Amino acid sequence: MWAFHTMRSNKGQMSSSFSYIFALIIGSIMFMFFVGFAYQYLNFAGSLSAAGLVTSLNDEFAVFSASDSAEKTLEFSSRLSFRVYEGKLTSEGQSKTIDHVIFAPFEIDGENIFLATKSFEIPYRVGNLFYIADGKTMYVVVYDSSSEEVIQNLQSSYNSLPSSFPVQVVSTTQLSSDMQTLYELTASYENVRFVFFSSTKDYEDKIAQVFPNYEILEVSSSLEDYSAGEIVYPDGEEVVYIGYPLLIGAIVSGDAYMYTYNLNKVMEKLSRLTSVYYDKTKFIAAQLPNCDYAAMKTALNNYKSIAGSEELSSYSSFLAKLELVESANKGLGGECPEIY
């Protein structure tokens with residue numbers, strides 16, 4: 001009886017020892033597995049972070065789309081670098097196609113990223129335009145007596161430049177008399193982009209003598225309020241803008257090509273939307289035979305044609321067709337409902 005009890009105790013001890021050894025072996029295997037996994041994770045942690053950045057930024061733009069006008073500063077714990085180019089958001093080899101229209105410099109690099117958005121309507125809402133800055137470029141807006149009121153509008157209205165973007169506003173008189181002070185105000189920035197709402201011919205040489213890293217854009221328009229016009233980039237390329245949101249996009253864009261790519265995306269969206277309003281016009285006209293929608297259909301058809309052209313080369317032609325749409329729509333009313 002006692003022997004049997006002893007044998008059971010020995011078996012229990014052996015079983016306990018075996019369980020302990022087995023647990024050690026399994027624990028060691030699991031430890032080696034997790035250590036190996038950790039090293040593998042460290043190897044691609046950079047690309048994973050880039051993928052997360054790309055996705056997060058795209059999500060931010062999607063949330064922004066609900067607002068007519070908004071700004072936001074994204075603060076990161078480390079320096080980040082990415083590009084927005086030809087409809088793709090790219091960082092460290094990770095890329096994501098985006099449907100948003102985003103105006104940005106060549107490369108965004110830093111711990112703080114500044115985002116802004118404005119809705120775009122010509123004449124009906126097409127969608128939101130987005131802008132990005134990293135605080136490394138100072139935008140110096142230069143005006144003369146003929147454009148002073150326009151610049152005030154770009155400072156303190158819905159059409160204003162994003163308040164989080166580094167901007168200095170100076171007159172041509174100030175620029176001529178005290179360029180050194182402006183240099184001191186902008187010396188901490190990697191680049192200074194001058195945006196002239198006047199002629200640049202009397203200032204280019206002076207700027208070159210004082211500023212080591214600079215660019216000059218020149219905005220011109222036949223309209224007093226500069227609501228549409230042309231911009232010449234440093235390489236001599238000229239582009240067209242329609243409305244202040246596109247003007248801001250041109251100011252922020254790295255070059256003429258980057259701006260034109262986004263302008264074409266805007267025009268494509270406008271063309272598709274105009275087709276929808278054209279179909280709506282035909283439907284309502286069929287339902288209300290006593291109403292005359294002929295002018296509206298013609299205006300929308302012509303408007304769709306210029307919006308859908310491969311390259312917008314004349315803001316005056318565009319505005320003429322836009323005015324016809326607005327006029328035809330205002331001519332409706334009462335029992336003949338407006339289209340938008």
Side-chain angles (χ1 to χ4, degrees), residues 71 73 79 81 83-84 103-114 116 131-157 159-221 225-226 229-241 244 246-260:
E71 295 184 29
T73 300
R79 191 166 181 164
S81 178
R83 293 193 72 190
V84 181
F103 298 95
F106 285 112
E107 186 171 10
I108 298 93
D109 181 74
E111 295 182 8
N112 296 328
I113 307 300
F114 307 101
Y131 318 97
I132 302 180
D134 57 11
K136 288 182 167 42
T137 296
M138 167 64 77
Y139 300 95
V140 177
V141 179
V142 184
Y143 66 90
D144 59 16
S145 57
S146 64
S147 58
E148 183 175 4
E149 188 174 336
V150 176
I151 301 309
Q152 290 176 351
N153 194 31
L154 282 172
Q155 285 182 278
S156 57
S157 71
N159 299 311
S160 63
L161 290 159
S163 60
S164 58
F165 288 20
V167 176
Q168 284 283 343
V169 178
V170 299
S171 67
T172 51
T173 303
Q174 291 172 314
L175 194 63
S176 298
S177 62
D178 193 8
M179 197 172 292
Q180 185 60 37
T181 297
L182 181 61
Y183 168 73
E184 292 171 2
L185 288 171
T186 61
S188 61
Y189 294 87
E190 292 183 5
N191 185 49
V192 179
R193 173 169 278 197
F194 289 88
V195 184
F196 276 80
F197 286 77
S198 68
S199 173
T200 64
K201 65 179 182 179
D202 295 329
Y203 307 96
E204 291 183 15
D205 291 340
K206 295 179 182 178
I207 290 172
Q209 292 171 10
V210 176
F211 293 86
N213 298 306
Y214 72 93
E215 298 171 308
I216 296 178
L217 277 65
E218 184 173 348
V219 184
S220 61
S221 177
D225 63 357
Y226 279 77
E230 298 166 338
I231 293 183
V232 179
Y233 279 87
D235 60 1
E237 288 290 321
E238 186 175 270
V239 300
V240 170
Y241 72 90
Y244 292 117
L246 278 176
L247 170 59
I248 295 171
I251 291 172
V252 172
S253 294
D255 62 9
Y257 176 81
M258 294 176 70
Y259 167 77
T260 302

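This one's a predicted model, so the numbers in the text were calculated from it and none came from an experiment.
- Considering only heavy atoms from C-beta on, Leu154 stays 4.5 Å or farther from Gln152 through its side chain.
- Taking each heavy atom of Val210 and Gln180 in turn, the nearest pair found is CG1-OE1, 4.4 Å.
- Remark: Phe194 engages Phe211 in a ring pair (Phe, Tyr, Trp, His ring centres under 6.0 Å) (not counting sequence neighbours).
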* Asked: Under the side chain to side chain contact (heavy atoms under 4.5 Å, CB included) criterion, do Ile207 and Gln209 qualify, and how do the steps go?
  -> CA-CA 5 Å; Ile207 290 172; Gln209 292 171 10; over 6 Å; no

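- Partners of Phe114 according to the ring pair (Phe, Tyr, Trp, His ring centres under 6.0 Å) rule, which considers only residues two or more places apart in sequence or in another chain, do not exist here.
- Of the possible donor and acceptor atoms, none in the side chain of Tyr131 sits under 3.5 Å from a partner among the backbone N and O of Glu71.
- Atom-to-atom distance recorded for Thr137:OG1 and Glu190:CD is 7.5 Å, nearest 0.5 angstrom.
- Taken to the nearest 0.5 Å, the CD atom of Glu238 stands 11.0 Å off from the OG1 atom of Thr260.
- Taking OG of Ser253 as the start and CD1 of Ile248 as the end, the distance is 11.5 Å to the nearest 0.5 Å.
- Minimum heavy-atom separation, Pro234 to Glu215: CG-CB, 3.8 Å.
- No side-chain donor from either of Glu148 and Ser171 sits under 3.5 Å from a side-chain acceptor of the other.
- Other residues, nucleotides and ligands contribute more than 12 heavy atoms inside 6.0 Å of the CD atom of Gln155.
- Applying the ring pair (Phe, Tyr, Trp, His ring centres under 6.0 Å) test to Phe165 and every residue at least two apart in sequence or in another chain returns nothing.
- One finds the CD atom of Glu218 at 11.0 Å from the CZ atom of Phe197 (value rounded to the nearest 0.5 Å).
- For the 3.5 Å distance criterion, the side chains of Thr186 and Gln168 fail to qualify, holding no donor opposite an acceptor.
- The shortest distance between side-chain heavy atoms of Asp144 and Ser147 falls below 4.5 Å.
- In terms of heavy-atom proximity, Glu204 sits nearest to Thr200 at OE2-OG1, 2.8 Å.
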* Hey, mind stepping through Val195 and Val219 against side chain to side chain contact (heavy atoms under 4.5 Å, CB included) and telling me if it holds? -> CA-CA 7 Å; Val195 184; Val219 184; 3.8 Å; yes

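- Looking at Asn153 and Tyr244, their side chains come closer than 4.5 Å, going by heavy atoms from C-beta outward.
- In this structure, the side chains of Ile108 and Ser81 stay at 4.5 Å or more apart for every pair of heavy atoms.
- Crowding of Tyr183 atom OH: a count of heavy atoms from other residues, nucleotides or ligands under 6.0 Å not exceeding 12.
- Considering all non-hydrogen atoms of both residues, Tyr203 and Ser176 come closest at CE2-OG, 3.1 Å.
- Looking at heavy atoms from C-beta onward, Tyr139 lies out of side-chain contact with Tyr189 at the 4.5 angstrom threshold.
- Between Tyr143 and Val150 the shortest side-chain heavy-atom distance does not fall below 4.5 Å.
- Residues Asn191 and Lys136 are not in side-chain contact: their nearest non-hydrogen atoms beyond the backbone lie 4.5 Å or more apart.
- Between Pro166 and Gly135, the shortest heavy-atom distance links the atoms CG-CA, 4.0 Å.
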* To do: Report the C-alpha separation of Leu247 and Ile251 in whole Å, then their side-chain angles, then the decisive distance to 0.1 Å, and conclude whether the side chain to side chain contact (heavy atoms under 4.5 Å, CB included) test is met.
  => CA-CA 6 Å; Leu247 170 59; Ile251 291 172; 4.3 Å; yes

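- Considering every non-hydrogen atom in both Gly249 and Tyr259, the closest pair reads C-CD1, 4.0 Å.
- Taking CD of Gln174 as the reference point, atom OG1 of Thr181 lies at 10.0 Å (rounded to 0.5 Å).
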* Step-by-step side chain to side chain contact (heavy atoms under 4.5 Å, CB included) determination, Arg193 to Leu217 -> CA-CA 7 Å; Arg193 173 169 278 197; Leu217 277 65; 3.6 Å; yes

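- To the nearest 0.5 Å, the span separating CG on Asn112 from CZ on Arg79 amounts to 11.5 Å.
- Side chains of Phe196 and Val232 form no contact here, defined as non-hydrogen atoms less than 4.5 Å apart.
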